[in-house]
Amino acid sequence: SDVYKRQEFNGRCSMNNKREIMETIQMIQEQNLDVRTITMGISLIDCMDTDINKSCEKVYNKIYNYAKDLVKTGEAISKKYGIPIINKRVAVTPISMLVGVSGGDPIFYAKTLDKVANDIGIDFIGGYSALVQKGFAPGDKELIESIPQALAVTSKLCSSVNIGSTRAGINLDAVKIMGQKIKEAAEITKDNECIGASKLVVFCNAVEDNPFMAGAFHGVGEADAVINVGVSGPGVVRAAIKAAPKDASIAEIADIIKKTAFKVTRMGQLVGVEASKMLNKPFGIVDLSLAPTPAVGDSVAHILEEIGLEQCGCCGTTACLAMLNDAVKKGGVMASSRVGGLSGAFIPVSEDAGMIAAAQSKALTIEKLEAMTAVCSVGLDMIVIPGDTTPEVISALIADEAAIGMINNKTTAVRVIPAIGKKDNESLNFGGLLGYGPIMPISKLKPNVFINRGGQIPAPINSLKN
């Protein structure tokens with residue numbers, strides 16, 4: 001009897017596995033399911049040196065030795081399991097910490113990171129970063145001042161600055177500087193679609209294990225090296241909702257999203273564990289983020305419309321997005337004990353075909369996007385704004401977004417691209433995963449007095465948790 005039960009159980013498992021395999025194949029072939037990135041996080045703490053040239057040499061050698069097989073490993077896993085792995089990336093310790101020890105021109109580090117990224121064949125390298133939520137340490141201001149030039153002279157480098165947190169409040173001095181640096185990054189690359197600003201993000205409550213660019217860096221609390229995986233599947237979620245009855249309740253729709261997220265996360269866990277073994281580096285986290293691309297059928301906006309909105313941006317958008325984000329997290333957590341990073345739904349305008357269409361039709365505005373960021377995974381992402389937008393207005397936008405993150409104890413961010421020299425009815429075309437974006441209007445009313453006050457916006461009362 002026990003033998004029969006075991007055979008019956010194994011048979012059911014085999015049928016379930018076969019069905020799951022077929023479902024996964026359909027997700028990959030028809031619904032744009034992919035592993036968006038395998039990102040190796042690498043600590044550069046042991047590369048610090050008072051001589052900047054020696055420090056850069058140590059940085060290059062460590063990244064090269066640790067990550068030289070990252071691309072080959074990703075390709076091997078993709079071939080073995082038939083799972084598309086779109087990007088292979090590296091994230092490093094915030095470089096401002098190394099600048100604080102070595103002094104000198106931070107551009108040396110930028111060029112070193114870009115060179116090793118090109119030599120090992122990865123797509124992006126993140127960590128040209130500073131964490132200044134509570135003030136500036138040695139090396140922070142020097143690195144921040146260098147960001148526009150660093151992004152102009154490199155091709156694979158990404159930069160981020162954390163200017164606030166729930167525990168620390170918001171560094172308004174840093175907010176002011178970052179408005180200026182975003183504008184400069186766009187101006188200095190205006191002949192290349194202002195691409196510099198698309199690789200610069202300003203955070204509140206940045207996480208230390210984010211595998212997605214441009215905001216990835218390797219936190220100081222992380223191990224010497226880890227493998228983090230970012231999985232994406234907006235098309236899969238949309239297809240699952242589309243197959244549901246039109247009279248299904250919103251609770252039933254949430255359950256469908258949760259079950260779909262579970263399957264997608266399991267795939268990410270498989271890839272992460274396999275990469276960890278092959279590279280002999282510990283497995284960190286799976287970040288299940290519905291990260292869209294400009295490809296047809298790979299849109300978060302279209303998921304919201306499938307739930308029942310005429311177009312993304314109409315009344316009800318924030319509620320649908322809140323439900324989607326929550327269901328994705330619940331499904332992911334059930335599938336893996338290693339869910340981390342940002343995990344939820346991204347709303348980058350230029351990278352999402354549905355968002356682009358909604359922005360072009362004026363259904364989606366920056367003000368509505370700001371409301372949506374209160375319930376999604378990140379913030380105002382890949383938004384093209386008029387080229388004559390002042391640094392103070394950009395800074396005030398950063399402050400608004402940081403306030404949402406600070407008060408709600410969540411990660412928020414701003415990645416906006418001033419379209420230098422473009423007319424209001426034009427767009428910027430970045431190509432690839434970054435897509436293209438129409439110029440979205442923004443208020444030109446002046447927040448200058450507020451921004452120039454400087455100082456620290458105090459942490460909220462809900463930060464006192466102990």
ask   = How far apart are the C-alpha atoms of T166 and N205, what are their side-chain angles, what is the distance that settles it, and do they pass the side chain to side chain donor-acceptor pair (under 3.5 Å) test?
value = CA-CA 7 Å; T166 300; N205 288 322; 3.1 Å; yes
request  = Please report the C-alpha distance between F212 and R89 in whole Å, then the side-chain angles of each, then the deciding distance to 0.1 Å, and finally whether the side-chain contact (heavy atoms from CB on, under 4.5 Å) criterion is met.
outcome  = CA-CA 9 Å; F212 286 97; R89 303 165 176 172; 4.1 Å; yes
Least distance between heavy atoms, C194 atom then I417 atom = O-CG2, 3.5 Å
message = Checking the side chain of N87 only, and the main-chain atoms of F124 only, is there a donor and an acceptor separated by less than 3.5 Å?
response = no
ask   = Sub-3.5 Å donor-acceptor pair from the side chain of E142 to the main-chain atoms of G139, do we have one?
value = yes
note = In short, S299 meets P292 closest at the heavy-atom pair CA-CB, 4.1 Å
Heavy-atom side-chain proximity of S102 to F108 below 4.5 angstrom = no
key: Main-chain N/O of P211 paired with N228 side-chain donor or acceptor, under 3.5 Å   = no
L113 and I95, any side-chain heavy atoms less than 4.5 Å apart = yes
ask   = Using 4.0 Å as the upper bound for N to carboxylate O, is an ion pair formed by K181 and E184?
value = yes
note = S336 and V339 have their tightest heavy-atom pair at O-CG2, 3.6 Å
key: Donor-acceptor under 3.5 Å (S350 side chain, G437 main chain)   = no
key: Where G272 and I227 come nearest, the two heavy atoms and their spacing   = O-CG2, 4.4 Å
query = Of T39, I120, V116, N118, which is the lone residue that meets side-chain contact (heavy atoms from CB on, under 4.5 Å) with I125?
reply = V116
Whether over 12 other heavy atoms sit under 6.0 Å from Y436 OH = no
query = Under a 4.5 Å cut-off applied to non-hydrogen side-chain atoms, are V132 and I144 in contact?
reply = yes
Distance in Å, L304 CG paired with T317 OG1, rounded so as to fall on 0.5 Å steps = 6.5 Å
query = So how far is it from K199 NZ to S159 OG, rounded to the nearest 0.5 Å?
reply = 10.5 Å
request  = Could you tell me whether N192 atom CG has more than 12 heavy atoms of other residues or ligands within 6.0 Å of it?
outcome  = yes
request  = Tell me, with the steps shown, if Q133 and I170 meet side-chain contact (heavy atoms from CB on, under 4.5 Å).
outcome  = CA-CA 6 Å; Q133 59 268 24; I170 298 170; over 6 Å; no
ask   = Does S289 use its side chain to pair, donor to acceptor, with the backbone of A345 at less than 3.5 Å?
value = no
inquiry  = Tell me whether K329 at atom NZ has more than 12 heavy atoms from other residues, nucleotides or ligands lying less than 6.0 Å away.
reply    = yes
task = Please answer whether the main-chain N or O of A185 pairs with a side-chain N or O of T189 as donor and acceptor at a distance below 3.5 Å.
result = yes
key: Non-hydrogen side-chain atoms of L290 and V328 separated by less than 4.5 Å   = yes
task = For the pair D173 and K176, find out whether any cationic side-chain nitrogen is under 4.0 Å from an anionic carboxylate oxygen.
result = no
inquiry  = Please give me the minimum heavy-atom distance between D209 and G341, naming the atom from each residue.
reply    = OD1-N, 3.1 Å
inquiry  = I'd like to check the side chain to side chain donor-acceptor pair (under 3.5 Å) partners of Y66; sequence neighbours left out, ordered by chain and number.
reply    = D224
message = Given V35, which partner from the list I77, V264, V286, I83 fulfils the side-chain contact (heavy atoms from CB on, under 4.5 Å) test?
response = I83
query = About how many Å separate CD of E401 and CD1 of I366, when rounded to the nearest 0.5 Å?
reply = 11.0 Å
ask   = Thinking salt bridges, do K156 and D114 make one under a 4.0 Å N-O criterion?
value = no
task = Decide yes or no on side-chain contact (heavy atoms from CB on, under 4.5 Å) for I385 and I394, but give the supporting numbers first.
result = CA-CA 9 Å; I385 59 176; I394 298 172; 4.0 Å; yes
inquiry  = Within the structure provided, determine whether L380 and D400 are in side-chain contact (heavy-atom separation under 4.5 Å).
reply    = no
ask   = Any sub-3.5 Å donor-acceptor pair from K410's side-chain atoms to T373's backbone N or O?
value = yes
Salt bridge flag under 4.0 Å for residues K134 and D140 = no
request  = Would you mind reporting whether T93 and S43 have side-chain heavy atoms less than 4.5 Å apart?
outcome  = yes
query = Are more than 12 heavy atoms from other residues, nucleotides or ligands located less than 6.0 Å from atom NZ of K115?
reply = no
note = Here the gap from L434 atom CG to M213 atom CE, rounded to the nearest 0.5 Å, amounts to 12.0 Å
inquiry  = For K58 and D46: C-alpha separation, side-chain torsions, deciding distance, then whether side-chain contact (heavy atoms from CB on, under 4.5 Å) applies.
reply    = CA-CA 8 Å; K58 292 177 184 178; D46 56 348; over 6 Å; no
ask   = Does S395 reach the main-chain N or O of P391 with its side chain, forming a donor-acceptor pair under 3.5 Å?
value = yes
query = Does atom CE of M334 have more than 12 heavy-atom neighbours from other groups under 6.0 Å away?
reply = no
request  = Locate the shortest heavy-atom distance separating D123 from I86; write the atom from each residue and the value.
outcome  = OD2-O, 4.0 Å
ask   = Does E306 come within less than 4.0 Å of K242, counting only side-chain N to carboxylate O?
value = no
ask   = In Å and rounded to the nearest 0.5 Å, what is the CD1 to SG distance from I398 to C204?
value = 11.5 Å
task = Quickly, which of I241, L321, L309 forms a side-chain contact (heavy atoms from CB on, under 4.5 Å) with I303? Name it, please.
result = I241
ask   = Is the count of non-hydrogen atoms from other residues, nucleotides or ligands lying under 6.0 Å from K111 atom NZ greater than 12?
value = no
key: Note, E193 side chain near N429 side chain (heavy atom, < 4.5 Å)   = yes
inquiry  = Does any part of the side chain of K183, heavy atoms only, come nearer than 4.5 Å to the side chain of I420, both counted from C-beta?
reply    = yes
key: Side-chain donor/acceptor of H302 to backbone N/O of C312, under 3.5 Å   = no
task = To the nearest 0.5 Å, tell me how far I163 CD1 sits from I177 CD1.
result = 11.5 Å
query = Looking only at atom types and distance, does a side-chain atom of D287 sit under 3.5 Å from a main-chain N or O of N210, one as donor and one as acceptor?
reply = no
